[in-house]
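We count residues from 1, following the sequence as given. Because only heavy atoms are used, hydrogens play no part in the values below, and waters and symmetry mates are left out as well, while side chains stay in.
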Amino acid sequence: MISWIIAFFGEVFIISEEWKFYKKKKERRAYEKENKLSKKRMFSPLTQAFAVVPIIIVAVSFLFYSFVKPVQQERDTKDTLLSITYLLNQDKVQNGVYPENIIELSRKNPIHGDLTIDGWEQGIIYQKIENGAAYTLVSKGKDGVLNTDDDISMTSSLE
């Protein structure tokens with residue numbers, strides 16, 4: 001009910017603005033005709049709104065993909081690495097050893113989604129270390145190049 005009332009008053013506002021515009025335009029055209037001036041280009045408020053909205057959408061999209069998306073991708077990568085860590089530890093408790101690869105782990109736990117890729121759609125590197133007693137998980141980060149500052153890694157502790 002409230003949304004209907006808001007929509008009604010919004011429509012009334014738009015109609016009143018359009019009415020004011022057309023009155024102003026009519027007066028302007030009479031003035032131009034009387035003074036033999038060329039017609040000035042005039043845009044209605046609704047036309048102006050439709051011209052501004054796409055610009056705002058483009059600006060917001062740019063800001064989202066420039067600032068918010070990279071932070072979200074990093075957070076998603078860290079969450080994926082934490083999920084893999086949890087599942088690797090669970091697998092070790094059940095089987096006594098860490099699995100050979102995370103594809104195996106991903107197949108056993110489909111509810112967690114694809115555990116082989118990070119937030120940047122790059123493959124996650126899983127290596128068993130210390131003769132299988134521990135492991136390292138590495139995401140290549142935003143640039144997709146290994147051994148750079150943006151890499152995200154997790155290493156298990158030796159037990």
How long is the straight-line distance from [atom2] of [Y] back to [atom1] of [X], given to the nearest 0.5 Å?
X: Thr155; Y: Gln127; atom1: OG1; atom2: CD; value: 9.5 Å
X: Leu115; Y: Asn101; atom1: CG; atom2: CG; value: 11.5 Å
X: Asp118; Y: Asp79; atom1: CG; atom2: CG; value: 12.0 Å
X: Glu130; Y: Thr136; atom1: CD; atom2: OG1; value: 9.0 Å
X: Lys140; Y: Asn147; atom1: NZ; atom2: CG; value: 10.5 Å
X: Lys78; Y: Ile152; atom1: NZ; atom2: CD1; value: 5.5 Å

Walk me through it: do Ser153 and Asp151 pass the test side-chain hydrogen bond (donor to acceptor under 3.5 Å, both in side chains)?
-> CA-CA 6 Å; Ser153 64; Asp151 292 357; over 6 Å; no
Would you kindly confirm whether [X] and [Y] end up in one hydrophobic cluster when ILVMFWY residues are joined by side chain heavy atoms under 4.5 Å apart?
X: Phe9; Y: Trp4; answer: yes
X: Trp19; Y: Val12; answer: no
X: Trp120; Y: Ile125; answer: no
X: Phe8; Y: Ile5; answer: yes
X: Tyr86; Y: Leu137; answer: yes

When every non-hydrogen atom of Lys142 is compared with those of Asp150, the smallest separation belongs to N-OD2, 2.8 Å
For residues Pro99 and Glu104, report the shortest heavy-atom separation together with the two atoms involved.
-> CB-OE2, 3.6 Å
Under 3.5 Å, is there a donor-acceptor pair between the side chain of [X] and the main chain of [Y]?
X: Asp143; Y: Val145; value: yes
X: Gln48; Y: Phe43; value: yes
X: Asn95; Y: Val97; value: no
X: Asn89; Y: Thr85; value: yes
X: Ser156; Y: Ala134; value: no

Heavy-atom distance under 4.5 Å between the side chains of [X] and [Y], does that happen here?
X: Glu18; Y: Tyr22; value: yes
X: Leu82; Y: Met154; value: yes
X: Leu37; Y: Tyr31; value: yes

Apply the side-chain contact (heavy atoms from CB on, under 4.5 Å) test between Ile124 and each candidate in Ile117, Thr77, Ile102, Thr116; give the one that qualifies.
-> Ile102
Atom [atom1] of [X] with >12 non-hydrogen neighbours under 6.0 angstrom:
X: Lys128; atom1: NZ; answer: yes
X: Phe64; atom1: CZ; answer: yes
X: Glu100; atom1: CD; answer: no

State plainly whether the residues Glu27 and Lys24 are in salt-bridge range, i.e. N to O under 4.0 Å.
-> no
Should Glu32 and Arg29 count as an ion pair when the cut-off is N to O under 4.0 Å?
-> yes
Going by the angle between their ring planes, with limits at 30° and 60°, are Tyr126 and Tyr135 parallel, tilted or perpendicular?
-> tilted
